[in-house]
Amino acid sequence: MTRRLAAVLAVLGLALTGCFSGTGGDSSDGRLRVGLSFPPTSGLSPYGNEATLATRLGVTEPLVVLEGGTPTPALATAWTRVTPTEWRFTVRPGVTFHDGSPLTPDAVVGSLTRAAAATPTPRALASLAETGPALTARADGPDGVVVTTPEPDPVLPQRLASPELVILAPGAYADPTRPSPVRAGTGPFVLTRVDGSTGAALDANPTSWRGPVAAPGVDARFLADGVARANGLRAGELDVAEAIPVSQVAAIAPPQQVVGVPLPRSVAVYLDQRSPVFADPGVRAAARTAIGAVDVAGTIYEGRADAAAGLFGPATPWAGAPGARPPHPVTPPTPPGGQRIRLATYSDRAELPEIAAADADALRRAGFTVDVTVLESSAFEARLGTGAFDAVIISRSQQLDTGDPVGYLASDFSCAGSYNQARSCDPATDALLAAGAATSDVEARRRAALEVEGRVLAADAVVPHVTERARVGVGAGVTGVAEDPNEQFLITGATRR
């Protein structure tokens with residue numbers, strides 16, 4: 001059993017074998033002190049980017065969770081595809097919301113219906129909502145919910161794992177545009193108070209469907225400054241601190257520790273195939289040869305990231321199985337002859353400007369003339385896809401909101417892809433993506449994804465540098481913190497100090 005699988009099982013209350021561990025401890029009341037990196041602005045509403053805050057604190061849960069991209073039971077115990085556009089989910093019996101009301105098919109229908117009608121549409125449902133409601137739901141007997149989509153959707157169970165599609169008590173929707181998870185979730189901890197963007201208080205759920213909860217409660221602090229989170233851990237003021245900056249890791253010594261969790265997230269250079277320079281495959285190959293030699297994992301990440309073997313890394317072990325990746329041809333490089341390129345990235349992730357500087361040096365040594373632009377992320381995003389840059393360095397999740405590799409590749413590398421920063425277009429690649437998208441077989445989708453990955457790498461549309469790791473700071477004596485590569489769960493019913 002992998003540590004990541006054990007962490008997910010711990011979240012579900014089915015097992016507790018994979019966790020972080022520490023040494024020592026103290027004699028306090030046992031409440032967990034947690035530092036999170038993203039201050040909320042909407043009271044932990046599931047409708048937006050802060051939806052993961054509630055799942056990471058053990059408050060809210062969806063019908064399904066993802067383990068290595070594979071859907072696993074949570075508030076739904078089973079599901080089956082009834083017709084090409086209909087799925088039936090069996091609702092877990094014996095679950096109560098934090099306000100004491102029961103989890104019923106009607107409650108599930110209410111949450112899903114409201115989420116599908118939310119503005120903006122939850123990201124996991126966006127591709128289904130182009131011509132109308134992303135989905136409809138209806139109760140089916142005493143234990144079932146039937147979910148219908150406008151078009152056949154082979155990965156609907158994966159979509160329903162999104163933190164934006166958690167199931168809340170009916171009372172959570174007093175404000176339908178901003179549902180509140182306060183005393184409305186089903187997880188091991190009851191959210192009792194949200195103090196604006198500074199903190200939140202949680203108590204153990206005495207009726208958790210998983211069984212007894214190890215810690216009596218959680219006191220969460222929202223600290224956008226990574227150095228402040230690291231200092232809080234070192235000073236013993238935090239028991240768990242997420243997203244420790246690379247620059248702070250070396251200064252954290254036992255009994256505290258920083259645990260690296262492989263993420264399905266790659267840092268890569270995207271070469272614009274429509275730019276005057278990189279339209280030439282040989283020149284793209286020259287760029288790939290130059291920047292591929294930069295040791296980003298060992299230098300900039302100080303060994304706390306994994307050198308990329310492709311787009312998919314250790315968090316997706318199916319991609320690294322022996323023989324899984326088909327070989328792909330390698331284009332010989334053409335000398336660039338001093339051609340000028342515009343390389344850009346954004347400053348919100350501290351490592352990316354450093355990578356840009358290292359790549360620029362390597363490209364200059366290879367014969368390019370390089371101009372480097374570093375922007376704040378919103379300004380950077382506004383210029384993407386406009387032809388303003390010849391190459392961009394981006395940190396990109398392969399899981400997106402569904403854990404589906406085919407959906408990620410279609411978004412990033414198909415002719416009509418909504419995030420195609422290489423501006424690549426290959427009909428053969430699109431045909432592979434279409435075939436993969438048509439099947440609900442997880443293994444078949446993965447095989448299609450690896451074939452597409454090979455074609456994308458062979459075209460030098462993208463040059464992967466590293467796959468990232470989450471860096472979670474864990475205090476003395478703390479155990480049971482989830483190792484979740486999707487970064488959806490952190491504090492579980494098994495977490496204690």
Measure the shortest side-chain to side-chain distance between Val330 and Arg288 over non-hydrogen atoms and say whether it is less than 4.5 angstrom.
yes

Any chance you could measure Ser411, atom OG, to Gln398, atom CD, to the nearest 0.5 Å?
12.0 Å

Check this for me: does any side-chain nitrogen of one of Arg342 and Asp371 sit under 4.0 Å from a carboxylate oxygen of the other?
no

Evaluate salt bridge (charged side-chain N to carboxylate O under 4.0 Å, His left out) for Glu351 paired with Arg349, printing each intermediate quantity in order.
CA-CA 6 Å; Glu351 297 81 16; Arg349 290 178 176 264; 5.8 Å; no

Mind checking whether Tyr173 and Leu168 have side chains closer than 4.5 Å, heavy atoms only?
yes

Checking Glu453 against Arg325 for the salt bridge (charged side-chain N to carboxylate O under 4.0 Å, His left out) test, could you report, in this order, the C-alpha distance in whole Å, the side-chain angles of both residues, the deciding distance, and whether it holds?
CA-CA 9 Å; Glu453 179 198 49; Arg325 280 188 163 102; 2.8 Å; yes

Taking Arg178 for its side chain and Ser42 for its backbone only, find out whether a donor-acceptor pair lies under 3.5 Å.
yes

Pairs under 3.5 angstrom only: tabulate donor-acceptor contacts from the side chains of residues 352-366 to other protein residues two or more places apart or in another chain.
unit_1, atom_1, unit_2, atom_2, d
Asp359, OD1, His465, NE2, 3.0
Asp359, OD2, His465, NE2, 2.9
Asp361, OD1, Arg364, NH1, 3.4
Arg364, NH2, Val370, O, 3.0

Just how far is it from atom CD1 of Ile394 to atom CG of Leu384, taken to the nearest 0.5 Å?
5.0 Å

Just to verify, what does Glu443 make a salt bridge (charged side-chain N to carboxylate O under 4.0 Å, His left out) with, not counting sequence neighbours?
Arg446

What is the distance from atom OH of Tyr301 to atom OG1 of Thr467, rounded to the nearest 0.5 Å?
10.0 Å

List for me each residue that meets salt bridge (charged side-chain N to carboxylate O under 4.0 Å, His left out) alongside Arg114, sequence neighbours excluded, and say none if there are none.
none

Answer yes or no: is there a side-chain heavy-atom contact under 4.5 Å between Pro405 and Phe312?
yes

Could you name each residue pair satisfying salt bridge (charged side-chain N to carboxylate O under 4.0 Å, His left out) that touches residues 216-236, not counting sequence neighbours?
Arg31-Asp219

Examine the side chains of Ser395 and Glu468 and answer whether a donor and an acceptor come within less than 3.5 Å of each other.
yes

Which residues satisfy the side-chain hydrogen bond (donor to acceptor under 3.5 Å, both in side chains) test with Ser347, sequence neighbours excluded?
none

Kindly write out the residues that satisfy side-chain hydrogen bond (donor to acceptor under 3.5 Å, both in side chains) with Thr207, not counting sequence neighbours, or none if the list is empty.
Thr96, Asn205

Stepwise salt bridge (charged side-chain N to carboxylate O under 4.0 Å, His left out) check, Arg497 with Asp239:
CA-CA 8 Å; Arg497 65 183 174 100; Asp239 299 305; 2.9 Å; yes

Walk me through it: do Glu242 and Arg56 pass the test salt bridge (charged side-chain N to carboxylate O under 4.0 Å, His left out)?
CA-CA 10 Å; Glu242 68 174 4; Arg56 287 175 73 72; 2.7 Å; yes

Distance, nearest 0.5 Å, that separates OG1 of Thr495 from CZ of Phe489:
12.0 Å

Tell me if the CZ atom of Arg496 is crowded by more than 12 foreign heavy atoms within 6.0 Å.
no

Are the side chain of Ser266 and the backbone N or O of Val466 linked by a donor-acceptor pair below 3.5 Å?
no

